[in-house]
Amino acid sequence: VTVFELQFDPISEPGTLSFFVECTKGTYIRSLVEQIGEYLGCGAHVTALRRTWVQPFRDHPFWTLAALEPLELAERRARVISIPTILAPFMPAYSLTYEQRHDLLKGRAVCLE
């Protein structure tokens with residue numbers, strides 16, 4: 001677990017503390033909040049948590065379903081990354097023979113060497 005950045009919001013509501021954290025996967029923000037509360041001697045809990053990006057999509061905006069819903073289908077498709085595009089860097093493509101395809105569709109193991 002690594003915290004790269006921790007910025008506290010100076011205009012938080014009285015009795016609350018808002019902050020931005022940039023960290024590695026596996027970081028439990030709720031645990032971090034508890035530790036901050038212990039350090040301050042007052043305890044703490046999470047009232048809202050929002051993920052602003054996740055690797056490898058740092059440069060892509062997140063869209064809520066509510067934001068996409070009123071858009072025309074073509075506009076939605078232009079804003080959403082397709083599943084094959086997402087998976088391409090992580091899953092190599094293989095060309096299968098007819099027999100391999102047939103076996104795979106029947107649930108049989110296929111050798112890809």
(request) State whether the number of non-hydrogen atoms from other residues, nucleotides or ligands found under 6.0 Å of Arg108 atom CZ is greater than 12. (result) yes

(request) Looking only at non-hydrogen atoms, find the nearest pair between Trp63 and Arg79 and report the distance. (result) CH2-NH1, 3.0 Å

(message) With rounding to the nearest 0.5 angstrom, report the CG to CG distance, Leu17 to Leu40.
(response) 7.0 Å

(message) Do Leu6 and Val33 land in one hydrophobic cluster if side-chain heavy atoms of ILVMFWY residues count as linked below 4.5 Å?
(response) yes

(request) Quick one: do His45 and Glu34 satisfy side chain to side chain contact (heavy atoms under 4.5 Å, CB included)? Show the steps, please. (result) CA-CA 6 Å; His45 67 277; Glu34 288 176 7; over 6 Å; no

(request) Measure the shortest side-chain to side-chain distance between His60 and Trp53 over non-hydrogen atoms and say whether it is less than 4.5 angstrom. (result) no

(request) Determine yes or no for a side-chain-to-main-chain donor-acceptor pair under 3.5 angstrom, with Thr24 supplying the side chain and Thr2 the backbone. (result) yes

(message) For Leu49 versus Arg30, what's the shortest heavy-atom pair and its separation?
(response) CD2-NH1, 3.6 Å

(request) Keeping to residues at least two apart or across chains, list the salt bridge (charged side-chain N to carboxylate O under 4.0 Å, His left out) pairs with something in residues 10-23. (result) Glu22-Arg58

(request) Any chance you could measure Thr97, atom OG1, to Asp103, atom CG, to the nearest 0.5 Å? (result) 8.0 Å

(message) Within this structure, what is the CD-CG distance for the pair Glu75 and Leu68, rounded to the nearest 0.5 Å?
(response) 10.0 Å

(request) Not counting sequence neighbours, which residues clear ring pair (Phe, Tyr, Trp, His ring centres under 6.0 Å) with Phe19? List them please. (result) Phe8

(message) Checking one residue: Leu65. Which other hydrophobic residues are in its cluster under the side-chain 4.5 Å linking rule?
(response) none

(message) Nearest 0.5 angstrom please: Leu32 CG to Cys23 SG, how far?
(response) 8.0 Å

(message) With rounding to the nearest 0.5 angstrom, report the OG to CD distance, Ser95 to Gln100.
(response) 9.5 Å

(request) Considering non-hydrogen atoms only, spot the tightest contact between Ala44 and Gly37 and give its length. (result) CB-CA, 3.7 Å

(message) Rounded at 0.5 Å granularity, tell me how far SG in Cys42 sits from CD1 in Ile36.
(response) 10.0 Å

(message) Hydrophobic clustering (ILVMFWY, side-chain heavy atoms < 4.5 Å, transitive) - are Ile29 and Tyr39 grouped together?
(response) yes

(message) Are there over 12 heavy-atom neighbours, none belonging to Phe4, within less than 6.0 Å of that residue's CZ?
(response) yes

(message) The test is side chain to side chain contact (heavy atoms under 4.5 Å, CB included); show your working for Thr52 and Phe20 and say whether it passes.
(response) CA-CA 10 Å; Thr52 57; Phe20 167 85; 4.2 Å; yes

(request) Give the cluster check for Val21 versus Val54: same hydrophobic cluster or not, with ILVMFWY residues linked at side-chain heavy-atom distances below 4.5 Å. (result) no

(message) Ignoring hydrogens, what is the shortest heavy-atom contact between Ala66 and Pro70? Give both atom names and the distance.
(response) O-CD, 3.2 Å

(request) Flag yes if Met91 and Val110 sit in one hydrophobic cluster, no otherwise; membership is Ile, Leu, Val, Met, Phe, Trp, Tyr, and two members link when side-chain heavy atoms are under 4.5 Å apart. (result) no

(request) Mark yes or no for whether Arg76, through its side chain, and Leu71, through its backbone, hold a donor-acceptor pair below 3.5 Å. (result) yes

